[in-house]
Amino acid sequence: MQTIRIKTSSLPLLAGAATAVALVGALLALLDSASSLRGPFALFFLLVAPAVALAAALRGLDPFGRALCALAGSVVVNMLVAQGMLAVHRWSVRGGVVTVTALSLLLLLLVLLRERISGKHTQDRATPAKVE
């Protein structure tokens, strides 16, 4: 008797769960909730949002190097936002979340714009060339 195995990757499920946790963290921080999950989820959002944007910009690196550089860059972005807000005496949790979100979205938009201008897409690279 043969068993039929369907090979599926759990990466899309994991990415969806991480996105949901990050969005809940951003909402809890923006709404100033008293939930005990506010701190860890907001911290997760503040680390992941810039890291995803930076990882999209670093497509040429191998996966481990890209993840490491994106995470280090995420910490740098958060520290620069915190330092800037402290320097102008305008520190707030909401302001930090909004600023990090805006910077991450701006970087993602710049990456998408660069791809559109250069004409390079991930689908173009993934399809093999026909040999006739």
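- Ala70 and Leu54 make their closest contact through O-CD1, 3.8 Å (heavy atoms, listed as atom of the first residue, atom of the second, distance).
- Taking hydrophobic clusters as Ile, Leu, Val, Met, Phe, Trp and Tyr residues chained together by side-chain heavy-atom distances below 4.5 Å, Leu47 shares a cluster with Met79.
- Listed here is the closest heavy atom pair of Ala56 and Val111: O-CG1, 3.7 Å.
- For residues 16-29, no pair satisfies side chain to side chain donor-acceptor pair (under 3.5 Å), with sequence neighbours left out.
- In the hydrophobic clustering of ILVMFWY residues, with side-chain heavy atoms under 4.5 Å counting as a link, Leu71 and Val52 come out apart.
- Linking Ile, Leu, Val, Met, Phe, Trp and Tyr whenever their side-chain heavy atoms come within less than 4.5 Å leaves Leu108 and Val98 in two separate clusters.
- Atoms CG and CG, on Leu23 and Leu28 in that order, are 11.0 Å from each other to the nearest 0.5 Å.
- For residues 72-95, the set of pairs meeting the side chain to side chain donor-acceptor pair (under 3.5 Å) definition, not counting sequence neighbours, is empty.
- Put simply, Leu86 and Val97 are part of the same group of oily side chains (I, L, V, M, F, W, Y) that touch within less than 4.5 Å, one to the next.
- Cluster membership check: Val93 does not share its hydrophobic cluster with Val75, using side-chain heavy-atom separations under 4.5 Å among Ile, Leu, Val, Met, Phe, Trp and Tyr.
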Identify every side-chain donor-acceptor pair in residues 34-46 under 3.5 Å, counting partners at least two apart or on other chains, and give the distances.
from	atom 1	to	atom 2	distance (Å)
Ser35	OG	Leu37	N	3.2
Arg38	NH1	Asp32	OD1	3.2
Arg38	NH2	Asp32	OD1	3.4

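- Interatomic distance, CD of Glu115 versus CZ of Arg59, reported as 4.0 Å (0.5 Å rounding).
- For the pair Leu109 and Leu113, the minimum side-chain heavy-atom distance is 4.5 Å or more.
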